[in-house]
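What follows is a set of notes on a single structure, which appears directly below.
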Amino acid sequence: MSLTLYNTASRKKEIFEPLTPGKVGLYVCGVTVYDLCHIGHARSAIVFDVLVRYLRDRGFEVTYVRNFTDVDDKIIDRAAQLGKETHAVAREYIEDFYADMDRIRVLPADQEPRATEYIPQMIRMIERLLERGFAYAAEKDVYYAVEAFKEYGRLSGRNLEDMRAGSRIAVDSRKRHPMDFTLWKGAKPGEPQWPSPWGPGRPGWHLECSVMSNHFLGPTFDIHGGGRDLLFPHHENERAQSMAANGGRFARYWVHNGFVTVESEKMSKSLGNFLTIRDALDQYHSEVLRLFLLSKHYRSPLDFSQKDVLNLQSGLIRIYRTLERLEAILGPPGPPAVSHQDAFIQDFVQLMDDDLNTAGGIGLIFEKIREMNRIMDAGAMDETVLNPLRQDRSHLLWAGNILGLLQEPPAAFFGQMTGGTPGPDTPEIQRLVEERTEARARKDWTRADEIRDQLKGMGVVLEDGPQGTTWRLDV
RNA sequence: GGCGGCAUAGCCAAGAGGCUAAGGCAGCGGUCUGCAAAACCGUUAUUCACCGGUUCGAAUCCGGUUGCCGCCUCCA
């Protein structure tokens, strides 16, 4: 079995074979830090987080690079708006990014370079492009000459002729071709700037990724990822620059995740449906969010609707109830020990090998949950039952680990689901439960039901079992 | 105008030539229970937008139609 990934460049699934056996170089376009991250960023981050977790589980040594764009027009605008320095704005949003990623359990990348740390290297790359005839200076700006790069448009499947005809932007008269893009942008007064052979200015957007991927992964590396929207022009331009300046093939596999809409509409500030990660986390547990974002194939568009998220939440609660039940029987789990002979593991791997079919994997998890509940319902609890159960739980948690799910002890999960606060006062609940138990003992069903209703009003649900009555906060 | 994607049960969603079309949510019936809750069992698509074609055989491949959506300008 081998991992296949859909390669945007070839428009088909390909067997993944790294450049160096056993090692994977992965570069993912991170965020431009001019605002809080939204759930679209979360999806991208989670998709590549799962890819990295899976590659590592499969034994690859992964070098994961994810950048920050910390100099850009939008940051400059935002800084002006807030009356702050651009670097201060960038720094604050980088901190927010880390806080958000932490909460949705996206592991840090191995390298997280910032554009502003690589200005001298960017200038050198521009000089190289000028020397090789792929760029030209116009006053204080430098442009990339797309016509000089034969393969321009190949990655995104377009050609210069069509784009010239359909171009909707007012063309800068200094450009030789309408699609030529900025490598270096002369600074206006008050803008962040760095000295350069063309005067003070700042780099164009695409350049940083070319420089930083080359710095950490070399001129040819395995996987380049990002949101679908980055395919053009960003990735096309990155590729054009990198191949022209560094030689090499640049990225061998291009992986793009699909977009997130909110209640069927594209997220935008003007529509007021810009859903930040932290707003989403105010409403949903981070694992609910994660499960939801992984419940559809990563390449498909995903609509974030409250109804659908709540559906998944019900499913996750069922999983955790089963985990809670298992813990009562088996005690807390140790570190996952996995048998690759196991059918569940094999099925899960097969699904993940198929271009990361996380939705299929989640289906498998639910099947396993049902099977385990069935076993526990059957009652007999000798070692011939407990051992397989223990193993199944281990496998379940292993799969959860790859998806970044089922990471909480069940009690903690339910605690968080109910708001994290103790809620109604426990001694009072216990007193009522006891009173009800006495009422039930003398078959005073009216009183018993009265108490149950009273507790229900307090958000407490009772479960009468053979071992007596237990209660839990409603979620 | 150019390029690309998607249409699977009430809702969400796997499946991409051939065993009974995964799974979740919701609903209904049942087991359990004093009644519930939870869990489990059963049930809910003779059919995969529509029309043709290829094939012994198609949600799955090809052509067309309709309807959504994305990119082509900053965007994860």
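All of these numbers come straight from a predicted model, not from anything done at the bench. Any value given below was found using the heavy atoms of this structure, including those in side chains, with hydrogens, waters and symmetry copies removed. Reminder, nothing fancy here: chain letters follow the sequence lines and each chain counts from 1.
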With a non-hydrogen cut-off below 4.0 angstrom, is [X] in contact with a base, only sugar-phosphate, or nothing?
X	result
A/Asp449	base
A/Lys443	nothing
A/Asp73	nothing
A/Glu463	base
A/Gly40	base
A/His38	base
A/Phe366	sugar-phosphate
A/Leu462	base
A/Val260	base
A/Arg318	sugar-phosphate
A/Arg66	nothing
A/Gly30	sugar-phosphate

Given B/A16, B/C25, B/A13, identify the nucleotide with an atom nearest to the side chain of A/Asn311.
B/C25
Out of B/A76, B/A22, B/G15, whichever nucleotide has its closest atom nearest the side chain of A/Asp354:
B/G15
Any side-chain N or O of [X] below 4.0 angstrom from OP1/OP2 of [N]?
X	N	answer
A/Lys266	B/C75	no
A/Arg370	B/G23	yes
A/Trp445	B/A36	no
A/Asn373	B/A38	no
A/Arg374	B/C41	yes

Could you state the atom-to-atom distance from [atom1] of [X] to [atom2] of [N] in whole Å?
X	N	atom1	atom2	answer
A/Leu316	B/G24	CG	P	14 Å
A/Glu263	B/C69	CD	P	16 Å
A/Lys12	B/U60	NZ	C1'	19 Å
A/Asp377	B/G42	CG	P	13 Å

Close aromatic pair by centroid cut-off 6.0 Å: A/His285 and A/Phe413:
yes
Taking the six-membered ring for Trp, is the centroid-to-centroid distance between A/Phe348 and A/Trp398 below 6.0 Å?
yes
Say you pick atom C1' in B/C19 and the same atom in B/G1; how far apart are they, in whole Å?
48 Å
